[in-house]
Amino acid sequence: MPELPDVEVFRRYLDSTALHQKISSVEIRKERLLEDVSPDDFKKSVEGNEFSSSHRHGKHLFARLNSGSSVVLHFGMTGELKYYKDPADEPDHARVVFHFDNGYHLGYDNMRMLGKVALTDEIDEYVENEGLGPDAGRLSFEEFKDLLDGKRGMIKSAFMDQSLLAGMGNIFSDETLFQAGIHPKRQVGNLSEKDVETLYEKMMEVIEKAVVCQVSDFPDYFLINYRDEDAECPRCDGEIEKIKVSSRSTYFCPKCQK
DNA sequence: AGTACCACCTGACGGC
DNA sequence: TGCCGTCAGGTGGTAC
């Protein structure tokens with residue numbers, strides 16, 4: 001699930017549920033999800049604190065503690081957050097659970113465990129050490145143009161490259177390319193100035209719309225509703241095709257994406 | 001530098 | 001019903 005829009009929705013969810021409440025304890029149910037910190041140290045740094053604010057960079061969510069450190073959450077392919085009171089409402093794969101003084105719990109659920117949970121004193125430093133590019137949602141057109149300048153290879157690969165720009169994944173890269181009418185395998189070097197402009201505008205639009213609809217009930221003209229081989233293209237009378245691009249499933253319309 | 005493939009994990013689904 | 005292969009919205013390492 002989680003690409004930039006999903007994680008932004010998680011961030012807002014965290015803000016509206018779990019801020020400003022004392023964390024009485026944390027349960028680490030899968031130690032392997034912790035990155036560069038022992039369960040003991042993690043617990044010591046978190047317990048007794050409150051989450052005071054949040055930040056998102058690409059697909060990484062940072063939950064700041066009032067101590068100044070931040071809990072880092074990365075969701076892999078199957079992660080999500082759930083805030084609940086009744087233990088019966090605990091999600092099926094809660095790998096890390098924050099327990100609050102008010103009786104509620106925040107579960108970091110992650111079936112496939114491809115994500116990670118970490119701790120950092122400096123968000124900027126963490127982002128830099130991870131080698132992440134600028135956040136795709138907070139990027140000016142000039143910055144976007146500069147990123148692509150001199151890049152080679154396929155445009156979809158560029159979108160997916162977290163070190164180039166952070167946040168776009170498989171689904172929303174396909175979506176942006178579809179909305180822009182550009183073939184996922186187009187070489188970056190072959191894009192016209194107009195193409196680059198369209199890509200930027202559509203990327204921003206796709207991100208914004210996806211966040212506004214909370215990553216469900218997407219607008220009808222979104223490709224995401226038609227990720228099926230042989231589905232009808234929502235923009236023309238073509239048929240959606242499925243191919244592999246950098247070994248990821250890619251859906252596009254050969255008729256309106258050139 | 002770019003790409004292709006494997007690995008890490010778990011679960012759902014379709015075919016036989 | 002059961003087994004098996006395939007696939008899934010991410011990423012890191014490795015080898016061409």
Side-chain angles (χ1 to χ4, degrees), chain A residues 1-11 28-36 56-61 72-81 91-96 107-118 126-127 129-133 135-137 147-179 184-191 203 206-207 209-211 213-218 222-231 240-252:
Chain A
M1 219 209 303
E3 299 181 33
L4 188 158
D6 308 83
V7 180
E8 178 60 20
V9 171
F10 296 160
R11 190 188 72 74
I28 316 288
R29 301 194 183 151
K30 287 289 172 186
E31 295 187 12
R32 64 174 306 132
L33 281 166
L34 289 186
E35 178 193 51
D36 296 334
R56 184 192 53 71
H57 189 102
K59 304 172 188 173
H60 290 260
L61 177 58
V72 185
L73 300 171
H74 188 273
F75 298 91
M77 286 176 84
T78 55
E80 59 184 342
L81 292 178
D92 291 344
H93 312 280
R95 310 302 195 186
V96 176
Y108 167 84
D109 186 86
N110 198 333
M111 182 182 82
R112 287 175 68 188
M113 300 194 292
L114 296 177
K116 65 192 173 192
V117 176
Y126 186 90
V127 166
N129 289 340
E130 285 287 293
L132 299 175
D135 182 79
L147 288 180
L148 293 184
D149 195 36
K151 251 281 185 197
R152 286 180 300 137
M154 298 177 284
I155 182 62
K156 176 162 175 180
S157 307
F159 270 123
M160 303 271 292
D161 180 356
Q162 301 300 299
S163 67
L164 189 72
L165 83 171
M168 299 296 281
N170 198 35
I171 293 284
F172 291 105
S173 296
D174 279 5
E175 192 64 57
T176 298
L177 291 163
F178 176 74
Q179 297 302 335
K185 286 190 168 176
R186 272 279 290 282
Q187 295 296 117
V188 175
N190 289 342
L191 295 168
M203 177 175 78
V206 163
I207 290 172
K209 300 262 192 224
V211 171
C213 75
Q214 310 228 47
V215 204
S216 62
D217 296 320
F218 291 92
F222 264 43
L223 172 69
I224 195 170
N225 303 312
Y226 306 88
R227 289 180 73 82
D228 270 317
E229 262 172 302
D230 308 329
I240 301 302
E241 259 185 41
K242 180 185 181 182
I243 56 173
K244 291 276 183 196
V245 176
S246 46
S247 51
R248 303 297 301 278
S249 291
T250 301
Y251 292 85
F252 77 110

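Only heavy atoms go into these numbers, but all of them, side chains included; no hydrogens, no water, no symmetry mates. First the proteins, then the strands, lettered A, B, ... as listed; each starts at 1. Every value quoted in this text rests on a predicted model; they were computed, and no experiment measured them.
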Q: Treating a pair as Watson-Crick (purine N1 to pyrimidine N3 plus N6-O4 or O6-N4) or G-U wobble (N1-O2 and O6-N3) with both distances under 3.5 Å, list the stems of 3 or more consecutive pairs that involve DNA chain C.
A: B:2-8 with C:10-16, B:10-16 with C:2-8

What nucleotide, of [options], holds the atom closest to the side chain of [X]?
{"X": "Lys59(A)", "options": "dT11(C), dA8(C), dG9(C)", "answer": "dT11(C)"}
{"X": "Ser157(A)", "options": "dG9(C), dT3(B), dG2(B)", "answer": "dT3(B)"}
{"X": "His93(A)", "options": "dT10(B), dA8(C), dG9(C)", "answer": "dT10(B)"}
{"X": "Ile171(A)", "options": "dC7(C), dG9(C), dG2(B)", "answer": "dG9(C)"}
{"X": "Leu114(A)", "options": "dA8(C), dG9(C), dC8(B)", "answer": "dC8(B)"}

Just the rounded figure in Å: distance from [atom2] of [N] to [atom1] of [X].
{"X": "Glu35(A)", "N": "dG12(C)", "atom1": "CD", "atom2": "P", "value": "9 Å"}
{"X": "Arg248(A)", "N": "dA4(B)", "atom1": "CZ", "atom2": "P", "value": "13 Å"}
{"X": "Gln162(A)", "N": "dG10(C)", "atom1": "CD", "atom2": "C1'", "value": "8 Å"}
{"X": "Leu164(A)", "N": "dT11(C)", "atom1": "CG", "atom2": "P", "value": "14 Å"}
{"X": "Tyr108(A)", "N": "dG10(C)", "atom1": "OH", "atom2": "P", "value": "14 Å"}
{"X": "Gln187(A)", "N": "dA1(B)", "atom1": "CD", "atom2": "P", "value": "16 Å"}
{"X": "Asp92(A)", "N": "dA12(B)", "atom1": "CG", "atom2": "P", "value": "9 Å"}
{"X": "Glu130(A)", "N": "dG10(C)", "atom1": "CD", "atom2": "P", "value": "16 Å"}

Hey, does the side chain of [X] come within less than 4.0 Å of [N]'s phosphate (OP1/OP2), counting only N and O?
{"X": "Lys116(A)", "N": "dG10(C)", "result": "no"}
{"X": "Lys185(A)", "N": "dT3(B)", "result": "no"}
{"X": "Ser247(A)", "N": "dT3(B)", "result": "no"}
{"X": "Lys244(A)", "N": "dA8(C)", "result": "yes"}
{"X": "His74(A)", "N": "dT11(C)", "result": "yes"}

Backbone N or O of [Y] within a donor-acceptor pair of the [X] side chain at under 3.5 Å?
{"X": "Arg56(A)", "Y": "Gly58(A)", "answer": "yes"}
{"X": "Glu175(A)", "Y": "Ile224(A)", "answer": "yes"}
{"X": "Gln162(A)", "Y": "Gly167(A)", "answer": "yes"}
{"X": "Asn170(A)", "Y": "Ser249(A)", "answer": "yes"}
{"X": "Glu3(A)", "Y": "Gly169(A)", "answer": "yes"}
{"X": "Arg112(A)", "Y": "Gly79(A)", "answer": "no"}

Looking at every strand, decide which applies to [X] at a 4.0 Å heavy-atom threshold: base, sugar-phosphate, or nothing.
{"X": "Met111(A)", "answer": "base"}
{"X": "Asp6(A)", "answer": "base"}
{"X": "Thr78(A)", "answer": "nothing"}

Q. Are there more than 12 heavy atoms of other residues, nucleotides or ligands under 6.0 Å from atom NZ of Lys30(A)?
A. no

Q) To the nearest 0.5 Å, what is the distance between OG1 (Thr250(A)) and CD (Glu241(A))? A)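 Between Thr250(A) OG1 and Glu241(A) CD, I get 11.5 Å after rounding to 0.5 Å.
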
**Q.** dC5(B) to dT6(C) separation - P atoms, rounded to the nearest Å
**A.**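 After rounding to an integer number of Å, I get 14 Å for this pair.
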
Q | Nearest-angstrom distance, C1' atom, dC3(C) to dC8(B) | A |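 Looking at atom C1' only, dC3(C) and dC8(B) are 24 Å apart.
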
